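This report concerns only the one structure given below.
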Amino acid sequence: MSVSYSPQSSIEGAVVSLKARKINLQLPRRNTYTKLKVSVIYPYKLDRNSEAVILKELKPKKFIIRHNSMLSVGDKIKGDMISGLSTVIIKLGKAKIKRGSGTHKASFLSVKGFIFAKLEKSFASLERKANMI
């Protein structure tokens with residue numbers, strides 16, 4: 001159970017919880033990953049204070065997209081922007097909107113099926129601190 005804030009870190013899971021202030025679903029695409037046994041994938045982007053947490057591990061517990069992805073239950077990536085893909089359609093109608101931070105509401109989703117999420121952009125404050133060191 002680890003948390004990563006570093007850009008390009010990723011998770012892969014069978015059930016993943018997604019949280020963001022803005023969720024952008026993209027058009028379905030043809031699958032080009034040979035290890036996925038589906039013909040269509042559903043890309044998405046999470047923006048503004050995003051988080052992705054593994055709720056259920058893949059069986060077998062092996063990476064499919066990236067060899068350094070986190071795979072254990074409770075592994076989490078947090079940042080300003082997360083992108084990824086799903087093998088199932090993500091339905092925004094099932095999103096719960098509730099308090100996501102001290103001042104803003106956020107959308108919360110639990111997605112079943114294969115989910116891949118990659119941290120594209122970390123929090124701006126963490127990036128400034130890294131540049132100061």
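No experiment lies behind these values; they were computed from the predicted model shown. What's counted below: heavy atoms across the whole structure, side chains too, no hydrogens, waters or symmetry copies.
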Looking at [atom1] of [X] and [atom2] of [Y], how far apart are the two atoms once the value is rounded to the nearest 0.5 Å?
{"X": "Gln8", "Y": "Asn68", "atom1": "CD", "atom2": "CG", "value": "9.5 Å"}
{"X": "Met81", "Y": "Ser122", "atom1": "CE", "atom2": "OG", "value": "11.0 Å"}
{"X": "Ile115", "Y": "Ser86", "atom1": "CD1", "atom2": "OG", "value": "3.5 Å"}
{"X": "Ser50", "Y": "Lys121", "atom1": "OG", "atom2": "NZ", "value": "11.0 Å"}
{"X": "Ser6", "Y": "Ile77", "atom1": "OG", "atom2": "CD1", "value": "9.5 Å"}

Taking all non-hydrogen atoms of both residues into account, name the closest pair between [X] and [Y] and its distance.
{"X": "Leu58", "Y": "Glu12", "result": "CD1-CB, 4.0 Å"}
{"X": "Asp80", "Y": "Asp47", "result": "O-OD1, 3.4 Å"}
{"X": "Ala52", "Y": "Ile82", "result": "N-CD1, 4.0 Å"}
{"X": "Met70", "Y": "Asp75", "result": "CB-OD2, 3.3 Å"}
{"X": "Lys112", "Y": "Val88", "result": "O-CG2, 2.8 Å"}
{"X": "Phe116", "Y": "Tyr44", "result": "O-OH, 2.9 Å"}

Legend entry - Other ILVMFWY residues reachable from Tyr42 by side-chain steps of under 4.5 Å: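 Besides Tyr42, the cluster holds Val40, Ile89.
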
Inset, instruction - Look at the side-chain heavy atoms of Ile, Leu, Val, Met, Phe, Trp and Tyr, link any pair under 4.5 Å apart, and say whether Val111 and Leu55 land in one connected group. - result: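 Shared cluster, no.
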
Legend entry - Glu120 with Lys118: basic N within carboxylate O range, under 4.0 Å: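 Looking at Lys118 together with Glu120, the answer is yes, because their closest N to O distance falls below 4.0 Å.
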
Legend entry - Those residues that, when tested against Lys56, pass side chain to side chain contact (heavy atoms under 4.5 Å, CB included) (two or more places apart):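 Lys56: side chain to side chain contact (heavy atoms under 4.5 Å, CB included) contacts with Ala14, Val15.
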
Inset, instruction - Ignoring hydrogens and angles, tell me if any N or O in the side chain of Arg66 forms a donor-acceptor pair with the backbone of Ser9 under 3.5 Å. - result: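 Side chain of Arg66 to backbone of Ser9: no pair is present.
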
Legend entry - Qualifying residue for side-chain contact (heavy atoms from CB on, under 4.5 Å) with Phe114, from Val38, Val16, Ile65: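 Of the listed residues Val38, Val16, Ile65, the side-chain contact (heavy atoms from CB on, under 4.5 Å) partner of Phe114 is Ile65.
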
Side chains of [X] and [Y], heavy atoms from C-beta outward: is any pair under 4.5 Å?
{"X": "Arg29", "Y": "Pro43", "result": "yes"}
{"X": "Leu36", "Y": "Leu85", "result": "yes"}
{"X": "Ser10", "Y": "Leu119", "result": "no"}
{"X": "Glu51", "Y": "Leu18", "result": "no"}

Legend entry - Counterpart residues, salt bridge (charged side-chain N to carboxylate O under 4.0 Å, His left out), relative to Lys76 (two or more places apart):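 Listed in chain order: nothing, the list is empty.
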
Inset, instruction - Consider only side-chain N and O atoms of Ser72 and Lys61, and report whether a donor and an acceptor are under 3.5 Å apart. - result: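 Judged by distance alone, the side chains do pair up.
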
Inset, instruction - Go through Ser107 and Lys22 one step at a time and tell me if the side chain to side chain contact (heavy atoms under 4.5 Å, CB included) criterion holds. - result: CA-CA 7 Å; Ser107 297; Lys22 184 177 180 183; over 6 Å; no

